[in-house]
Amino acid sequence: MLQTNNYSLVLLIQLSLLTFDLFVNSFSELLRTEPVVQLVLFIIQDISILFNLIIILLMLFNTYVFQVGLVSLLIERFRTLLLLCVIYLTFSITLHSWIMNLRWLNTNRFIWTDGLQVLFVFQRTASVLYYYFYKRTTEYLGDPRLYEDSPWLREAFARARQS
């Protein structure tokens, strides 16, 4: 069971990683003249997105709902976030690779191709949705009912057995 102290620490780590991600998305273009620094920030950002996905999965595995075998209930409830995490990570890695490929040797020019602009808009849109759904999910996973036996869980288990 996730204790209050542990949940506070996990929540702090998650929100710190989200804040760092927001910071990199907001200010990475200011570092286009320093490609090595930008590359390091992009790598750390992608790793932080991956860590956030791993933390959410570990929190899901820690619930009583998962432990009694109602994985489909968790997947149904958190499908949007899990898909958004994967989509956002894919968009971020693709955008970072494309930007570094175009600008690595030519840091003084402001290079924006049409495809890069489209990918940039998709990545930023996905980031806003990712931040919203991730924060909402972390708050929902703090609900003590997910970590103990309860009447709604017994009803869900009975429905799952009948199906």
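Proximity of Thr125 to Phe120: side-chain heavy atoms (C-beta onward) are nowhere separated by under 4.5 Å. Considering only heavy atoms from C-beta on, Leu119 comes within 4.5 Å of Phe91 through its side chain. Looking only at side-chain heavy atoms (C-beta outward), Leu89 and Tyr130 stay at 4.5 Å or farther from each other. Leu57 places a side-chain heavy atom less than 4.5 Å from the side chain of Leu82. Between Asn62 and Gln67 there is a side-chain heavy-atom pair separated by less than 4.5 Å.
In this structure, Thr94 and Thr90 approach most closely via the heavy-atom pair OG1-O, 2.7 Å. Across Ser92 and Gln123, no two heavy atoms sit closer than the pair OG-NE2, 3.0 Å.
In summary, the aromatic rings of Phe61 and Phe66 are positioned with their centroids under 6.0 Å apart. Aromatic rings of Phe78 and Phe133 (six-membered ring for Trp) have centroids beyond the 6.0 Å cut-off, not under it.
Using a distance-only test at 3.5 Å, with no hydrogens or angles considered, a donor-acceptor pair links the side chain of Arg124 to the main chain of Asn25.
Ile111 contributes atom CD1, which lies 9.5 Å from atom CG of Leu116 (distance to the nearest 0.5 angstrom). Between the CG atom in Leu39 and the CD1 atom in Ile44 there is a gap of 9.5 Å [rounded to 0.5 Å]. Thr63 contributes atom OG1, which lies 12.0 Å from atom CD of Glu148 (distance to the nearest 0.5 angstrom). Separating the CG atom in Leu84 from the CG atom in Leu53 is a distance of 11.5 Å, to the nearest 0.5 Å.
Among residues two or more places apart in sequence or in another chain, the ring-ring contact (aromatic ring centres under 6.0 Å, His included) test is passed with Tyr132 by none. Evaluation of the salt bridge (charged side-chain N to carboxylate O under 4.0 Å, His left out) rule for Arg77 yields no partner, not counting sequence neighbours. Considering only residues two or more places apart in sequence or on other chains, Glu34 meets the salt bridge (charged side-chain N to carboxylate O under 4.0 Å, His left out) condition with none of them. Residues satisfying the ring-ring contact (aromatic ring centres under 6.0 Å, His included) test with Phe23, not counting sequence neighbours, are Phe27. Residues passing the salt bridge (charged side-chain N to carboxylate O under 4.0 Å, His left out) test with Glu76: none are found, sequence neighbours excluded.
Leu83 and Leu60 fall into different hydrophobic clusters, where Ile, Leu, Val, Met, Phe, Trp and Tyr residues are linked whenever their side-chain heavy atoms come under 4.5 Å apart, directly or through other members.
With a 6.0 Å cutoff to the six-membered ring centre and a 45° limit on the axis angle, Arg32 does not count as a cation-pi contact of Trp112.
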Name the atoms and distances for all side-chain donor-acceptor pairs under 3.5 Å in residues 13-22, with sequence neighbours left out.
{"from": "Gln14", "atom 1": "NE2", "to": "Tyr134", "atom 2": "OH", "distance (Å)": "3.1"}
{"from": "Ser16", "atom 1": "OG", "to": "Leu12", "atom 2": "O", "distance (Å)": "2.7"}
{"from": "Thr19", "atom 1": "OG1", "to": "Leu15", "atom 2": "O", "distance (Å)": "2.7"}
{"from": "Asp21", "atom 1": "OD1", "to": "Gln45", "atom 2": "NE2", "distance (Å)": "2.7"}
{"from": "Asp21", "atom 1": "OD1", "to": "Tyr88", "atom 2": "OH", "distance (Å)": "3.2"}
{"from": "Asp21", "atom 1": "OD2", "to": "Tyr88", "atom 2": "OH", "distance (Å)": "2.5"}
{"from": "Asp21", "atom 1": "OD2", "to": "Tyr131", "atom 2": "OH", "distance (Å)": "2.6"}

